[in-house]
Structures are given as structure tokens and as C-alpha cells.
Student: 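Mind having a look at this structure? Questions to follow.
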Amino acid sequence: MREAKFRALLEAEEKVESTDWMPEEYRQTLIRQIAQHAHSEIIGMQPEGNWISRAPSLRRKAILIAKVQDEAGHGLYLYSAAETLGVNRDQLMELLHSGKQKYSSIFNYPTLSWADMGAIGWLVDGAAITNQVMLKRCSYGPYARAMVKICLEESFHQRQGYEIMLTLCNGSAEQKAMAQDSLDRWWWPSLMMFGPHDSESTHTEQSMEWKIKRVSNDELRQQFVDMTVPQADYLGLQIPDPDLAWNEERGHYDFGPIDWDEFWAVVKGHGPMNRDRIEHKRKAWDDGAWVRQAAAVSSAVAGSA
Amino acid sequence: MTYSVPQVAGEAESKVTGTETDGVWPLWEVFIRQKRGLAHVHAGSLHAPDADSALLAARDVYTRRVEGVSIWVVASTEIVASDPDEAPAFFEAIEKPYRHATHYDIPDEVGQM
């Protein structure tokens, strides 16, 4: 009866709300995915935070601060959405700090040059938008609603990134080389963001049936490649893939094999920055303890007055 | 970002449950009035130690792009909600189509009414 009602909601393309009955596995899948998504936004502040103090102009600095602030906001919208499923935020924080919950592996790569601020906005946020536009149609209401606001803001992220790339590509030979180097380093990790091939992805089938995920990993990756190649051409940059070619018959770009060994190594914690990211996160949490205590005391005093 | 991070050894296998609330700041629901003349609409929720802090946090979290001219924050525990499962019984008007203008046939010759 309850199960049938849940199925009927999915069938009718209606949203499932927190007050509806849902199968425990559906709830757990969402908790895991939304928490991972939130953690990704929060950890995602670090690679870009790294360049705030060295932004090349006041304008770029203000933009980068606004972007990093948005990532914090996105993390907060998502933790709120996760909490509607009956978990609390401190618990999720603890699971992140102890490594029991993951975040997107893309943030385990270092940001070595200013051009990386361009490449991240253009490619990483571009890949994120591809995924998140799909998630606006997710069957769980609070998650889908959070995506609407996030997608709106991500568009600014991608455009400011592409503008940085454009500026570098129209600059000196060194600046253009810096942009190319950045594309060379971020291209493959960006493709990996979509996750394993459909044939290898254990969660995909169930998630698609529940309408949490609406488009498969490989389809999303293809969408991203098709969208991005002409943008790279416009910049006059070379995508680091000798197999990349337009396939007239398929109406899509073909691209070379992804290094899945690298992907799994980073997921398992052996990327260049895995340890630093979590160490930094834990330290920020611990350093902020006095603020949380002071706020609690202050509100208790105000409350008793 | 992408959230299809595959499961690997060491990741929490067990179910995440628990509604331990000790030491967790209270939850507040945030409502934003987009512009004068419009109603406050629910935007999301956040944790804050008290109402004043909740208001400041709501401004920072939900209105970074002039999304509103007014914010309400309401302690989540103060919200009393109807039960969605009881909707058919609760909203009895579902059975009263004669309350809708479209229930009545007016000849075309009469014109717009």
C-alpha cells in the first residue's frame, strides 16, 4: 500500500516530499548522495580559496571571493536538504572528517596557476552544471529545489571561468601557454567527474529507476564533451586527447579512453591533495569551535535576560 | 559537483540514522519576499543559535543576489503542518466542484462572464 503510493508518485512525475513514506534504501541513497554533494561544495572552496590572495586584479579578487562564498552557500542548501531525510549536520560533518563519506575527487587535484581558476570555472563547473541540470528533475523535492538556485549561480561560475581563459588566450604567448597547461591538467579529471562507465556503475540502474538520476554517466559525459569542444576551439586551445574527433554518424564527438586506474586511486584517497583537503577542513572546524561556543553562550544569555 | 562517487572500502557502509540533537543549533525556516507586493515564500532552512543570528545567516545564505527585500525566520519546531496522507479527508472541498466557476455552462452568445 505505502510502496504502491510511492511508486505512483514516481510514475506520475510528482515529487516525493520529506513527509511522504519512502523505502529505506531510497532514503539512504539520497542521504549519501546529497551529503556527498554538500561535502563537495564545502571542500571545493579550498582549491579556489588558494588563489584569492593572489588574484591578478581587484575585480578578479572580488569575483573569486563571491564564487567561493557561493560554494559555501551551495553546501548549506544541500545540508538542509539532507536534514529533511532525518540526519543532522554535525553527524554528516563527522562522517566527512573521518573519511567515511566522500566528496568529488576533482577537488583532490592542486591549483598550480592562476589559469586554474579559469579552467575550474569553465570545465569543473561546466561538468557540474551538466549534472545539476539533470538533478533539477530529481524525484526528491527538497533536493530538486536546491538545484534550481544552485544552477542559477553555477552559470556565473562557468562564465567567469571562461572569461579568465579568454583573457589569457588573448594575452601574451606565456599567458596562452598557461591556459593550455591548465586545460591539459583539468581535462581528464573533469571527464572523470561523471563517474565510471554505465556498465561499471553499480548505483546507476537503481537511481534511474527511482528517478533520482535521470541521465546515465556516459550520456552526461558525452553531453559535456559535445558542449566543451567548440568552446576550446574558440579559445584556440588544444584538448589533450589525440582520439578526439567529430563522428558524423553518431552526431557526437568520439574521445579517447579514460585512465580509470587514476580515477580509482584518487577515489581511494591517493590523489595529490586528498590528505591536505581533509586536514585543512578539520583544522577549520576545530579553530571555529570557540565561535560556536561563544554564539551558544551569547544566545543563552540573551534568552535568559 | 558530481555525486556519483563510487563506494569504496572504508566508506560508511552502515545506514546513517540518528537524530542526535545535543549541541546542535536549532533549525529555522527561511521565507523571503522577493519584492514589495509579493508574499514571503519559503526559501530553505538553516541552523542558528538564536533568531537574530538566524536572520543574519539567512541574509548571507539565501540573498547574495538581491533575491529579496524582506526575510522572515521561523523556528522549525513552531510550524504546525497538516498531514499529507490525510489530505483527501482534510480538504473536503475536493468534493465540491460547484464552487468553481467552470462548473456552470453559460451560452457563448452571452459573451465573456
Side-chain angles (χ1 to χ4, degrees), chain A residues 17 19-21 24 28 31-37 40-41 44 66 69-70 73 76-77 80-81 83 86-92 95 99-107 124 127-128 131 145-146 153 193-196 201-204 213 217 264 267-269 292 295-296 298-299 302-303, chain B residues 1-30 32 34 41-65 67-68 75-76 79 81-88:
Chain A
E17 295 295 339
T19 44
D20 293 322
W21 180 88
E24 184 58 18
Q28 289 298 329
I31 291 174
R32 177 178 181 274
Q33 181 172 337
I34 300 173
Q36 236 169 42
H37 197 160
S40 300
E41 300 284 359
Q69 196 186 15
D70 276 351
L76 295 177
Y77 312 153
S80 293
E83 282 180 295
V87 288
N88 81 51
R89 203 169 297 214
D90 286 10
Q91 191 181 10
L92 297 179
L95 287 167
K100 288 181 180 151
Q101 278 184 342
K102 305 269 174 206
Y103 52 88
S104 180
S105 284
I106 193 79
F107 302 117
V124 176
N131 202 4
R145 288 193 288 276
E153 299 182 347
M193 282 175 66
F194 296 96
S201 179
T202 43
H203 296 290
T204 295
K213 197 173 168 60
N217 293 356
W264 285 109
V267 169
K268 287 175 183 163
R292 295 191 293 277
S298 156
S299 62
Chain B
M1 299 290 16
T2 299
Y3 321 97
S4 12
V5 184
Q7 200 131 11
V8 293
E11 186 180 341
E13 298 283 342
S14 57
K15 290 180 178 179
V16 183
T17 50
T19 41
E20 183 63 46
T21 49
D22 276 1
V24 178
W25 288 344
L27 192 64
W28 304 80
E29 300 300 324
V30 179
I32 296 172
Q34 199 194 339
V41 174
H42 188 238
S45 59
L46 51 78
H47 290 272
D50 54 60
D52 291 341
S53 312
L55 202 52
L56 290 178
R59 178 199 61 188
D60 292 344
V61 175
Y62 291 103
T63 64
R64 288 191 302 282
R65 290 178 177 76
E67 286 91 338
S76 305
I79 290 186
S82 66
D83 180 351
D85 289 334
E86 299 296 319

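Chain A is the first sequence line, chain B the second, and so forth, proteins listed ahead of strands; every chain is numbered from 1. Keep in mind that this is a model prediction, so the values were computed, not measured.
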Student: Taking side chain as everything from C-beta outward and backbone as N, CA, C, O, which of these in B:Ser53 sits under 4.5 Å from a heavy atom of chain A? Side chain, backbone, both or neither.
Tutor: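 Neither part; nothing is under 4.5 Å.
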Student: Are any side-chain N or O atoms of B:Tyr62 and backbone N or O atoms of A:Gly73, one a donor and one an acceptor, separated by less than 3.5 Å?
Tutor: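 Not confirmed, B:Tyr62 side chain does not pair with A:Gly73 backbone.
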Student: Say whether, by atom type as modelled, one donor and one acceptor occur between the side chain of A:Asn131 and the main chain of A:Ala128 under 3.5 angstrom.
Tutor: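 Side chain of A:Asn131 to backbone of A:Ala128, a donor-acceptor pair under 3.5 Å: no, none is there.
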Student: Would a distance-only check, ignoring hydrogens and angles, find a side-chain to backbone donor-acceptor pair under 3.5 Å from A:Ser80 to B:Gly44?
Tutor: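 No, because the side chain of A:Ser80 does not come within donor-acceptor range (under 3.5 Å) of the backbone of B:Gly44.
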Student: Ignoring hydrogens and geometry, is there a side-chain-to-backbone donor-acceptor pair from A:Ser40 to A:Ser104 under 3.5 Å?
Tutor: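 Side chain of A:Ser40 to backbone of A:Ser104: a pair is present.
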Student: For A:Arg145, is it the side chain, the backbone, both or neither that has a heavy atom under 4.5 Å from a heavy atom of chain B?
Tutor: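 It is neither, since no heavy atom gets under 4.5 Å.
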Student: Please state whether the side chain, the backbone, both or neither of A:Gln69 comes within less than 4.5 Å of a heavy atom of chain B.
Tutor: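 Contact with chain B involves both backbone and side-chain atoms of A:Gln69.
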